[in-house]
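Let me begin by presenting the structure, written as structure tokens, before commenting on it.
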Number of protein chains: 2
Amino acid sequence: MPNQLNKIFKSIADPTRRDIFHLLIVASTALSITQIANHFDISRQGITKHLKVLHQAGLLEMTTKGRERYCMANAGPLREIHDWVAFYEQFWDDKLNRLNQYLKQKGKQNPGG
Amino acid sequence: MPNQLNKIFKSIADPTRRDIFHLLIVASTALSITQIANHFDISRQGITKHLKVLHQAGLLEMTTKGRERYCMANAGPLREIHDWVAFYEQFWDDKLNRLNQYLKQKGKQNPGG
DNA sequence: CAAATATGCAACTGAATGGTTGCTTTATTT
DNA sequence: AAATAAAGCAACCATTCAGTTGCATATTTG
């Protein structure tokens, strides 16, 4: 399933999920759901929902160990976001002559939506 | 207002808005609201709502000319997305030893959420 | 001026979202 | 075996969201 772009966008559009993701990225070890929840003011079940969204976007991997589930961030899918944004970098500075630039660079992949 | 990050994320999290943005980026001229709406299956008022969201995220500029309002994309704010993603690029390939990499690179800016 | 066009404004609708609580199940610990 | 801890499941709630329709306003155009 390569067309995950929208799920990834939706995932990281929520500030709590960005915080969870960041926490997992910089953590030294995988964290259990309860451990993650302890870092936030919302309930464990609320966290679980966010984890599910992150997981379905591929930004999170989980392994079960006994009664615990350990979560680890996977930054890989952010590459899709990077690529989407990269297309528009050519338009950052020059607000004029957009078409000219576009035509000049035609042939480059258009990431679309 | 530099803390537009969330608005920008929310804006581009919607596929229709990404399409509108893309249309405006590659258009040769600024487009009126009706012209934009003609490219989509949803109503003009629906488009207007999307334009408002994009505008509030700084991704769109509008100028009124007579009874028409012309819209032009501004890719600049995408730089914030780029910067947010850039922090995580160091974690793309190596899913292990995350902490080591993090500590090694400490001092780099953490974009947070 | 009248007709047509471009837009704005407001109310409404259905679905998704972020969050909660209560209870059950499963695993560990004592 | 009993108590505790981790997590899942399901229902519920309020808000936001994407989209609609209807109507008013402003600007062109004939």
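Order of the sequence lines sets the chain letters (A, B, ...), proteins ahead of strands, with each chain counted from 1. When reading the values below, keep in mind they use all heavy atoms of this one structure, side chains included, and skip hydrogens, waters and symmetry mates.
Taking for each of A/R67 and A/T16 the nucleotide of DNA chain C with the nearest heavy atom, the 5'-most of the two is the partner of A/T16.
Residues A/T29 and A/Y70 form no side-chain contact, since every pair of their non-hydrogen atoms from C-beta on lies 4.5 Å or further apart. Two residues are said to be in side-chain contact when any heavy atoms from C-beta on lie closer than 4.5 Å; A/R18 and B/N6 meet this criterion. A/L78 has its side chain within reach of A/I12: a pair of non-hydrogen atoms, C-beta onward, lies under 4.5 Å apart. Under the 4.5 Å side-chain criterion, counting only non-hydrogen atoms from C-beta, B/Y88 is not in contact with A/I81. The shortest distance between side-chain heavy atoms of A/R79 and A/I8 does not fall below 4.5 Å. Residues A/V85 and A/W92 meet the side-chain proximity criterion, which asks for heavy atoms closer than 4.5 Å.
Here D/dG19 presents its C1' atom at 12 Å from CD1 of B/I20, a figure rounded to the nearest Å. As rounded to whole Å, 13 Å separates atom P of C/dT7 from atom NZ of B/K65. Taking atom OH of A/Y70 as the reference point, atom C1' of D/dA5 lies 12 Å away to the nearest angstrom. A straight line from CD of B/E68 to C1' of D/dT28 spans 9 Å, rounded to a whole angstrom. The CG-C1' distance, from A/L31 to D/dA6, rounds to 15 Å in whole Å. Per the geometry, CG belonging to A/D14 stands 17 Å off P belonging to D/dT15, to the nearest Å. The separation between A/R17 atom CZ and C/dA16 atom C1' is 11 Å, rounded to whole Å. Counting to the nearest Å, the C1' atom of D/dA18 and the CZ atom of B/F40 are 14 Å from each other.
Between D/dA6, D/dG8, C/dA6, one nucleotide has an atom nearer to the side chain of B/T34 than all others, and that is C/dA6. Taking every side-chain heavy atom of A/I42 into account, C/dT20 is the closest of C/dT20, C/dG18, C/dT7.
For B/R44 and D/dT20, the shortest distance from a side-chain N or O to OP1 or OP2 is not below 4.0 Å. Note on B/T64: every side-chain N or O is 4.0 Å or more away from OP1 and OP2 of C/dT7. Between B/S43 and D/dG19 there is no side-chain polar atom (N or O) within less than 4.0 angstrom of OP1 or OP2. At the phosphate of D/dG8, OP1 or OP2 sits under 4.0 Å from a side-chain N or O atom of A/R69.
Side-chain atoms of B/Q45 and base atoms of D/dG22 include a donor and an acceptor less than 3.5 Å apart.
When the options B/L24, B/L54, B/L31, B/T63 are evaluated for a side chain to side chain contact (heavy atoms under 4.5 Å, CB included) with B/C71, the one that passes is B/L24.
Contacts between residues 46-58 of chain A and DNA chain C, defined by a heavy-atom separation below 4.0 Å, involve A/G46, A/K49, A/H50, listed by number.
Axis angle across the helix from C/dC1-D/dG30 to C/dT30-D/dA1, with five pairs used at each end and values rounded to 10°: 20°.
Ring-plane geometry between A/W84 and A/F9 is classed as perpendicular, the angle between the planes exceeding 60 degrees on a 0 to 90 degree scale with a lower cut at 30.
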Identify each donor-acceptor pair in which a side-chain atom of residues 34-46 of chain B lies under 3.5 Å from a protein atom, sequence neighbours left out, and give them as a table.
unit_1: B/Q35; atom_1: OE1; unit_2: B/S32; atom_2: N; d: 2.8
unit_1: B/Q35; atom_1: OE1; unit_2: B/S32; atom_2: OG; d: 3.4
unit_1: B/N38; atom_1: ND2; unit_2: B/T34; atom_2: O; d: 3.4
unit_1: B/H39; atom_1: ND1; unit_2: B/Q35; atom_2: O; d: 2.9
unit_1: B/S43; atom_1: OG; unit_2: B/G46; atom_2: N; d: 3.1

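Smallest separation of non-hydrogen atoms from A/R17 and A/K10: NH2-O, 3.2 Å.
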